[in-house]
Structures are given as structure tokens and as C-alpha cells.
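Residue numbers count from 1 along this sequence. Since the model is a prediction, treat every value here as computed from it, not as a measurement.
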Amino acid sequence: MLHYAWQLYGRWCRWSSPFIHLLTLTVVTFGVLAPLICHRLLYSYFYLRRWHLNPMSQEFLRQNQQEGQAALHYFEKLQIPNISKASDSETFRPLLLVTIITVQRRDDFHYVLQVASRFHHLLQQCGTNCQSHRVLVCNVEPDPSRHQDVKLLSSFFPTVSRDKTGDDPDPRVNHFEKEKQDYVFCLEQSLLAYNPEYVLVVEDDAVPEEEIFPVLQHLFLARFSKPYLRDALYFKLYHPERLQQYVNPEPMRILEWLGLGMLLGPVLNCVYSWAAGRPSLNWPIILFFAAYSMALSELVGRHYLLELRRLAPALYNVVPVTECCTPAMLFSAPSAHRALGYLKGLQCRQGFAKDIALYSLLRTKGENAYVVEPNLVRHVGMYSSIRLNDNPKLL
């Protein structure tokens, strides 16, 4: 018996043994290569927060401040166009209305100018494919005249304001309820002013990605013809990158993760068999590489895998929605009317902000909603209008 065990040990521990090969691969990958390559990746488990978070946060703020100044110069140099009057909106129904909700924040970052200049540039770049798109700026600052960036934008885009100047503050209206009421106001004004087929409600710190309009065009023409998508209450175009990992309560992500292992397990097994000169099909090795690829993808970060989908609009994923955050929300006209009716009947508070309120409707009203992956906007606002923080961090 001892002799047999010694033979088995010798067979497993030879340099030509698959066990030694795979053990060495695991140690080198997870102990050396991945930590060296990924230690600066913000959304990776290998990210060295203590080393990099403070300098990366400061660099992000510095760069974003420069982008704010660039957006200010963009509009200062831009020739003032003839803005269509309200009467034009009565005869023309846009396919898509982009409504930018804005409130006065840090003057030096010009968040709303960053968002508006980017949309303006992308619409010019899009050309005839976006002729049926419009932009509306919705100013929800209690004293609209204080918002200097909106004064500048009013020369280039139609604007509406929720003027609360002189009103006695209602003690029942907390910050979260006011944010919901502002959202309802802007969505309602969008429908009344333009009656668009779709409304994209964007917060003033959600800068659109380069491919946002081609992807939306693909969704309108190809994906939204399916009844289960056409009748959705809303589509999220952003979900926080730090919450995009596979290890998550969302069943669809677990299935996606298993599918990744089922795909890469046999592929990596074939590569290993070819390199080692062994039989091509070995189930234990297939299972090892399935687990290896699943672990590596989770630890490096699902967010970085999702970025590969930007290669083509057809590769973008539309999956059931998760709870958090509303920087960019797409509504069809019928779903926007339903959402307005629902939100007017809800009272928001701490722990039940508008994003959670919208998500709660899926259960209480039997609605469906979806999120588009990867994100179609970048959330750049580290200074919140609700949660004050003098020293914001990227995480």
C-alpha cells in the first residue's frame, strides 16, 4: 500500500504531470501576474486601494476640472443658433428627447456644461441619423437665476425651470423627496413640450459615451420590437462599475458567469493539450480551466470584460435591471406616463430615494425594467448635490 502511494505521489509530482502544470499556472496567475498587471485597475479585487485611491481620486478631480473649463470654452466659442420655438414642437415629434436635469453645484467643474457639450458634439457627429433627436435642459435650482451655466446653455438649447423662488419651504419635503419631485417635473415637461417617442432623462453629471447614439439607434430599430422590451417601464443606461461583479444576487449574472466557464473551459483545455502534447479531451482539466477562467474574470473585474462589448452595438447586453442609481434613464412615451403616475403617489425619504422607488414599482405594479451593458454614460460628479463631501473618493 505504501509502495502504491509512493508511485502515485511520484506520478503526480513529476514536472511532466498535469497536476504540477496546473498548480504552477494557478500560482503564477493569481500570485504573480494578475496582482502585477491589475493593481491599478479600480474595479478589480487586485486593486491596491491604500496605494492608489487618494492619488487617483485627486488626478480624476484635476482632469475633470479641466474638462469643465474645456466645456465652458466650447460654448463660449460656439455660434449661437436659432433655437426652435415652442410652436415648432407642436408640429414635430422627436424620436428621442434628451432631457438634462441640473441643479447648481461646484462652479469650477461645470458639470452640466460637460454633459451638454458632449451631447451637442455627438449629435453634430451623428448627422442625419440623429436629425429627429432634441435636447432639453431642465433647471431645478430653487432660484433658477443662480444657475449661471444654464444661462449660458439657454442660448443653445431650449430650457425649462422649476421656479420655487419665494415659496415657503415645506417641512415634509426632504432632500430625497425634492429630488423625486424635480425628476417628475422634468419628465412631465419633456412630454408636454415635445411629446417624443422616447425620453432620455440624464442627470447633469452623466457624460455620454462616444457610441451612445449608434447603440440607441440599434435598440430602437432591432431590440425594442420585442414585446417584453417594448413594454418595459424604463431602461437604465448606467450602473455603478463597482457593482457589476459576477458575485451578486442577480441570477442573470450567475448564468453569464457559468456560461463563461463552459465556453473557456474546453477552449483552454484544447490549448493546454496542444501545448503539452496530450489527448484533447480530459474532463478534470476542462473543469479546472472552467473554474480558473471564472475565478480570473471575477477577480480581474467583470467591468473590464463588459468593455469588449463596445466593439459593436449588436454586442450590447440588455438584462433585467438592478436597484441602484438613475444617472441616465430611458423611457418610452407610454412608460413615462406610467412612471409619472406611480412616482406622484410615492413619498421619498432617506433609504428610499427615487432610484429605489422606481425599482420598488417593478414588484408592486408588476412592471419590468432593464439595464444596458456596458454603460452608455460616465458618472463624473464626485460632488453630490445631496450628500455633501469635501474630500470625495473614486470608491
Side-chain angles (χ1 to χ4, degrees), residues 67-105 107 109-141 143-163 182-210 212-213 216 237 327-331 333 336 376-378 380-381 385:
E67 290 170 352
Q69 292 301 315
L72 176 63
H73 297 324
Y74 178 91
F75 284 110
E76 288 176 340
K77 295 177 181 178
L78 197 63
Q79 184 176 356
I80 297 177
N82 292 320
I83 300 178
S84 59
K85 302 298 182 184
S87 59
D88 296 333
S89 64
E90 297 173 4
T91 58
F92 173 74
R93 187 188 188 195
L95 171 64
L96 175 68
L97 176 66
V98 178
T99 298
I100 305 172
I101 301 180
T102 182
V103 66
Q104 178 68 29
R105 285 199 262 183
D107 292 336
F109 285 87
H110 301 288
Y111 286 129
V112 69
L113 296 186
Q114 292 186 51
V115 176
S117 64
R118 186 66 170 161
F119 271 116
H120 185 273
H121 171 72
L122 292 177
L123 284 171
Q124 298 294 316
Q125 194 177 66
C126 185
T128 56
N129 290 331
C130 297
Q131 283 183 340
S132 57
H133 299 352
R134 294 292 183 271
V135 176
L136 175 69
V137 177
C138 185
N139 181 9
V140 293
E141 179 67 22
D143 180 1
S145 63
R146 288 185 60 245
H147 204 329
Q148 297 301 314
D149 286 344
V150 171
K151 285 186 178 181
L152 176 59
L153 289 177
S154 63
S155 300
F156 304 95
F157 301 108
T159 62
V160 293
S161 297
R162 187 171 185 234
D163 193 344
D182 292 341
Y183 203 85
V184 166
F185 170 80
C186 292
L187 185 54
E188 198 165 39
Q189 290 298 310
S190 302
L191 296 171
L192 289 172
Y194 284 92
N195 188 29
E197 294 184 46
Y198 293 94
V199 183
L200 174 57
V201 182
V202 179
E203 295 175 5
D204 61 2
D205 55 1
V207 178
E209 296 282 5
E210 183 82 21
I212 186 169
F213 289 123
L216 288 176
L237 305 190
M329 305 281 281
L330 180 67
F331 299 87
L376 286 172
V377 300
R378 290 183 297 113
V380 300
S385 59

Next item on the list: I would like to know whether H133 and F213 meet ring-ring contact (aromatic ring centres under 6.0 Å, His included); could you show each step before the answer?
Entry: CA-CA 10 Å; H133 299 352; F213 289 123; 5.5 Å; yes
Margin query: As an exercise, state the distance from CD of E197 to CG of L97, rounded to the nearest 0.5 Å.
Written below: 12.0 Å
Item checked: Atom pair CG (D205) and OG1 (T102), whose distance is rounded to the nearest 0.5 Å -> 9.0 Å
Notebook entry, point to check: Between K151 and S154, which heavy-atom pair has the shortest distance, and what is it?
Noted result: O-OG, 2.6 Å
Margin query: If the condition is salt bridge (Lys or Arg N to Asp or Glu O under 4.0 Å), which residues does R118 pass it with, not counting sequence neighbours?
Written below: E210
Item checked: Pairwise distance CD1(I212) to CD(E209) - rounded to 0.5 angstrom -> 8.5 Å
Next item on the list: Could you grab the distance from atom CE of M329 to atom CG of L187, nearest 0.5 Å is fine?
Entry: 10.0 Å
Next item on the list: Among I100, V135, T99, L216, find the residue that satisfies the side chain to side chain contact (heavy atoms under 4.5 Å, CB included) test when tested with L200.
Entry: L216
Next item on the list: Take the angle between the ring planes of F75 and F156 and call it parallel below 30°, perpendicular above 60°, tilted in between.
Entry: tilted
Note to self: L136 and side chain to side chain contact (heavy atoms under 4.5 Å, CB included): which single residue from P94, S190, P196 fits?
What the structure shows: S190
Check: Can you tell me how far the CD atom of Q131 sits from the SG atom of C126, to the nearest 0.5 Å?
Finding: 9.5 Å
Check: If only atom types and distance count, is the side chain of E141 paired as donor or acceptor with the main-chain N or O of Q104 below 3.5 Å?
Finding: yes
Next item on the list: Walk me through it: do D204 and R105 pass the test side chain to side chain contact (heavy atoms under 4.5 Å, CB included)?
Entry: CA-CA 10 Å; D204 61 2; R105 285 199 262 183; 2.4 Å; yes
Margin query: Using the rule side chain to side chain contact (heavy atoms under 4.5 Å, CB included), only one of V140, V137, N139 pairs with I101; which is it?
Written below: V140
Margin query: Would you say H121 and Y74 are linked by a side-chain donor-acceptor pair, where the criterion is simply a distance under 3.5 Å?
Written below: no
Check: Is the closest side-chain heavy-atom distance between V202 and L237 below 4.5 Å?
Finding: no
Next item on the list: Output the distance between atom CZ (R134) and atom CZ (R93), rounded to the nearest 0.5 Å.
Entry: 14.0 Å
Notebook entry, point to check: Shortest non-hydrogen contact from P158 to Y194?
Noted result: CG-OH, 3.1 Å
Next item on the list: Applying salt bridge (Lys or Arg N to Asp or Glu O under 4.0 Å), name anything that partners E67, two or more places apart in sequence or on another chain.
Entry: none
Quick one: side chains of residues 109-116, donor-acceptor pairs under 3.5 Å with protein atoms, not counting sequence neighbours, listed by atom name and distance.
from : atom 1 : to   : atom 2 : distance (Å)
H110 : ND1    : D107 : O      : 3.3
H110 : ND1    : D149 : OD1    : 3.0
H110 : ND1    : D149 : OD2    : 3.2
H110 : NE2    : D107 : O      : 3.0
Y111 : OH     : M382 : N      : 3.4
Q114 : OE1    : N64  : ND2    : 3.0
Q114 : NE2    : N64  : O      : 3.4
Q114 : NE2    : F109 : O      : 2.9

Checklist line | V207 backbone acceptor or donor facing R378 side chain under 3.5 Å | finding: no
